[in-house]
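A short worksheet on the structure shown next.
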Amino acid sequence: MAVGIFDSGLGGLTVLDAVTRRLPDVPFVYFGDNAHTPYGVRDADDVYRLTTASVARMWDEGCDLVILACNTASAAALRRMQESWLPADKRVLGVFVPLIEALTERRWGDNSPPREVAVKHVALFATPATVASRAFQRELAFRAIGVDVEAQACGGVVDAIEDGDLILAEALVRSHVDALKRKMPMPEAAILGCTHYPLMEDTFADALGPDVAVYSQAKLVAESLADYLARHPNMLGEDGETRFLTTGNPRKVSDRATQFLRRKIEFRAA
Ligand code: DGL
């Protein structure tokens, strides 16, 4: 048994990196659906179909617990999966919850009425599908009042990262930050609401300026997973190596992953 980390492509590696640092003894199975990336331009049914197919494949690898390290799948498919698809002995968790907990300074199960929080102006950078879902704003509104969220759909950034074209990715990030700032000139916090974006975190931070706190989703997810596994030790993997699977071209995906994580990563065909 191993804990599964799923993404449409390479972005979930930012989460994998953080969880392996936080939980060095836990074996993980990373699954990138690179053949079908990007998810962020697909409709919710398509994202649901692709995500469930990938997660079912991860069960065959012994993953009873899968983290959707993909905001698009978390926003467009997770609730439907949990409500009508998931068998009782499996768990699938998303990446939204730790982020909302950090921003609202309270635990997920806290059902008290929404209250004021420190941060009032939040810039959300995410894929077109995540922005269209409004999932982030909906979850935030249950818990916090008076928070103004301006969302920027960052078209093209995931494709450029997957293609390894970081010059294009940087230019796109700067133009999306400019577009956001035209709508909200002085955000206090920025959420990188797509797991690919931390690969461009320096560019986001530089374009946003020093007064904007950039929330690192990967570290928050790692803390949250450590907490979850401490409470559910039966979901912990046994001894074994971390493995990497892709629906794409394993050689190409391995090269990109090695470039991004700056250590040798070898994917095999899913
Ligand atoms: N990395 C994913 C996310 O967090 C998906 C990006 C995509 O495939 O468009 O949204």
Side-chain angles (χ1 to χ4, degrees), residues 4-19 30-55 58 66-79 81 92-100 123-137 139 151-166 168-169 172-173 176 190-201 204 214-222 224-225 244-248 252-253 256-257 260-261 270:
I5 306 286
F6 164 77
D7 184 43
S8 63
L10 296 165
L13 290 172
T14 58
V15 173
L16 178 92
D17 199 38
V19 296
Y30 185 86
F31 188 107
D33 191 12
N34 299 74
H36 303 109
T37 195
Y39 279 17
V41 292
R42 297 175 182 274
D43 66 25
D45 282 343
D46 215 10
V47 173
Y48 175 81
R49 182 180 60 77
L50 291 169
T51 306
T52 48
S54 298
V55 172
M58 295 176 84
V66 173
I67 310 295
L68 299 186
C70 174
N71 290 270
T72 308
S74 301
L78 179 59
R79 186 178 288 187
M81 290 167 77
V92 179
L93 304 174
V95 281
F96 263 45
V97 171
L99 196 60
I100 302 272
L124 170 68
F125 297 95
T127 66
T130 300
V131 170
S133 76
R134 295 190 61 80
F136 182 80
Q137 290 91 326
E139 296 297 350
Q152 177 65 29
C154 298
V157 176
V158 167
D159 308 64
I161 291 172
E162 289 283 328
D163 289 345
D165 189 343
L166 299 188
L168 175 61
L172 288 168
V173 166
H176 286 304
I191 307 282
L192 304 189
C194 167
T195 52
H196 282 72
Y197 300 170
L199 295 166
M200 305 304 296
E201 187 164 345
F204 273 103
V214 178
Y215 276 68
S216 162
Q217 196 174 32
K219 279 201 197 114
L220 296 170
V221 172
S224 178
L225 178 61
F244 298 84
L245 301 176
T246 178
T247 56
K252 211 173 118 189
V253 175
R256 296 263 191 279
F260 287 140
L261 292 194

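Throughout, numbering of the chain's residues begins at 1 and tracks the sequence. Counting starts at 1 for both ligands and their atoms, following the listed order.
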Ignoring hydrogens and angles, tell me if any N or O in the side chain of [X] forms a donor-acceptor pair with the backbone of [Y] under 3.5 Å.
X	Y	value
R42	L50	no
E162	L10	yes
Y30	G12	yes

Problem set entry | Neighbouring residues of ligand 1, heavy-atom cut-off under 4.0 Å | D7, S8, T37, P38, Y39, G40, C70, N71, T72, T127, V158, C194, T195, H196
For this session: Can you label the angle between the F96 ring and the F136 ring as parallel, tilted or perpendicular, going by 30° and 60°?
Result: perpendicular
Problem set entry | N71: side chain to side chain donor-acceptor pair (under 3.5 Å) partners, not counting sequence neighbours |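 Only Q217 meet the side chain to side chain donor-acceptor pair (under 3.5 Å) criterion with N71.
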Exercise. Hey, do the aromatic rings of Y197 and F204 have their centres closer than 6.0 Å?
Worked result: yes
